[in-house]
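Along the sequence shown, the residues carry numbers beginning at 1.
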Amino acid sequence: MSGTLRIISLVERYGLLLLLFLLPWQTRWIFRYGTLAGGPWEYGTLGIYGTELLLWCLTLVSIVPITKFLKEKKNLIWPFGFFLVYVLGSSLWAPDQLVAFFAWLHLFEAAMIAVLVASQWQSRRFFTYAFLAGVVLQALLGFAQITVQWS
C-alpha cells in the first residue's frame, strides 16, 4: 500500500470516529434566523454545522469505498434514493423553499453517515465507543452547567 493510500485509509477510519465523537456537540454558524408570528423559530433558522463540513470532507475522501458499497447494496439503496428524490421534489411547493431544502439536506447527510458507517462496518465497536464518549462528555458538561448555574 502506498503512502498516500495509507493516509487516506487512516483519514477515512479516524475521521469517521472523530465525526461520531463530535456529532453530539453540534456547533453551527447561523446565517439566517427564522421567525414565525414575530417570534424566534428554531426550525426556520438556517446554519451550517461544523460536523456537516467534516462529513462532506470524509465523503470526498471515502468516495471509493462508498461507491463500492453502493454497488453491492443497490437493491437496498433504491427505495431510500427514491424517497430522497421525492422529499427534494416536495420542497418545490413548500412555503419556505430554503428551509425545506435544508431539511432535505440534513436527511441526505444522515443517509451519508449511515453509508459511511456501513461501508466501514468492521470497526462498529469503535464507532459505538466514539459516539458514546461524545454523548457522555456532552451530558457531563450539561449536568455540570446545570449544577453550578453557569456556562
Side-chain angles (χ1 to χ4, degrees), residues 5-66 69-70 73 76-77 79-151:
L5 290 176
R6 186 172 301 160
I7 290 171
I8 289 174
S9 177
L10 289 173
V11 168
E12 287 173 359
R13 174 164 294 149
Y14 294 111
L16 187 53
L17 288 171
L18 179 65
L19 174 69
L20 292 172
F21 175 77
L22 293 175
L23 202 56
W25 293 83
Q26 295 301 315
T27 301
R28 72 175 169 172
W29 169 60
I30 297 173
F31 58 85
R32 185 181 113 181
Y33 287 95
T35 57
L36 182 66
W41 180 37
E42 176 62 28
Y43 297 112
T45 300
L46 302 178
I48 298 173
Y49 291 88
T51 50
E52 284 181 294
L53 298 175
L54 179 58
L55 173 63
W56 284 100
C57 291
L58 282 174
T59 302
L60 290 174
V61 169
S62 305
I63 200 71
V64 172
I66 288 173
F69 175 79
L70 291 176
K73 305 291 184 188
L76 297 174
I77 301 302
F80 197 72
F82 178 75
F83 176 70
L84 283 173
V85 169
Y86 174 76
V87 172
L88 180 62
S90 72
S91 69
L92 295 175
W93 60 79
D96 191 337
Q97 293 178 346
L98 192 57
V99 170
F101 173 75
F102 268 80
W104 173 83
L105 184 64
H106 291 148
L107 183 66
F108 181 74
E109 289 168 342
M112 285 174 34
I113 290 173
V115 168
L116 276 170
V117 169
S119 67
Q120 298 182 21
W121 191 243
Q122 69 274 9
S123 305
R124 69 178 177 259
R125 183 175 42 180
F126 295 115
F127 294 155
T128 304
Y129 291 155
F131 182 71
L132 287 177
V135 167
V136 167
L137 195 58
Q138 178 72 329
L140 290 174
L141 179 64
F143 181 73
Q145 289 175 340
I146 289 172
T147 303
V148 299
Q149 291 294 300
W150 183 73
S151 61

(request) Write out all pairs satisfying salt bridge (Lys or Arg N to Asp or Glu O under 4.0 Å) with one or both partners inside residues 81-90, taking only residues at least two apart or from two chains. (result) none
(request) Working to the nearest 0.5 Å, report the span between CD1 of Ile113 and CZ of Phe127. (result) 12.0 Å
(message) I'd like to check the ring pair (Phe, Tyr, Trp, His ring centres under 6.0 Å) partners of Phe69; sequence neighbours left out, ordered by chain and number.
(response) none
(request) Measure the shortest side-chain to side-chain distance between Trp25 and Leu141 over non-hydrogen atoms and say whether it is less than 4.5 angstrom. (result) yes
Cut-off 3.5 Å, no hydrogens considered: what does the side-chain donor-acceptor table look like for residues 53-65, sequence neighbours left out?
from	atom 1	to	atom 2	distance (Å)
Trp56	NE1	Glu109	OE2	2.8
Thr59	OG1	Leu55	O	2.8
Ser62	OG	Leu58	O	2.9

(message) Show the nearest heavy-atom pair for residues Ser119 and Ile66, with the distance to one decimal.
(response) OG-CG1, 4.5 Å
(message) Quick check on Phe80: does its CZ atom have over 12 non-hydrogen neighbours (other residues, nucleotides or ligands) under 6.0 Å away?
(response) yes
(request) Would you please name every residue forming a side-chain contact (heavy atoms from CB on, under 4.5 Å) with Phe143, sequence neighbours left out? (result) Thr147
(request) Give the minimum heavy-atom separation between Ala130 and Leu17, together with the two atoms involved. (result) CB-O, 3.6 Å
(request) Ignoring hydrogens and angles, tell me if any N or O in the side chain of Ser91 forms a donor-acceptor pair with the backbone of Gln97 under 3.5 Å. (result) no
(message) Per the salt bridge (Lys or Arg N to Asp or Glu O under 4.0 Å) rule, what does the pair list look like for residues 84-106, sequence neighbours excluded?
(response) Arg32-Asp96
(message) Taking side chain to side chain contact (heavy atoms under 4.5 Å, CB included) as the criterion, tell me which of Leu132, Val135, Val136, Leu137 meets it with Pro24.
(response) Val135
(message) Test: ring pair (Phe, Tyr, Trp, His ring centres under 6.0 Å). Region: residues 98-119. Which pairs qualify, not counting sequence neighbours?
(response) Phe31-Phe102, Tyr49-His106, Phe101-Trp104, Trp104-Phe108
(message) With rounding to the nearest 0.5 angstrom, report the CG to NZ distance, Leu70 to Lys73.
(response) 11.0 Å
(request) Compare all side-chain heavy atoms of Val85 with those of Leu88 and state whether any distance is below 4.5 angstrom. (result) no
(message) So, taking the atom named CG in Leu19 and the one named OH in Tyr14, what distance separates them when rounded to the nearest 0.5 Å?
(response) 16.0 Å
(message) If I take atom CD from residue Glu52 and atom CG from residue Leu23, how far apart are they, to the nearest 0.5 angstrom?
(response) 10.5 Å
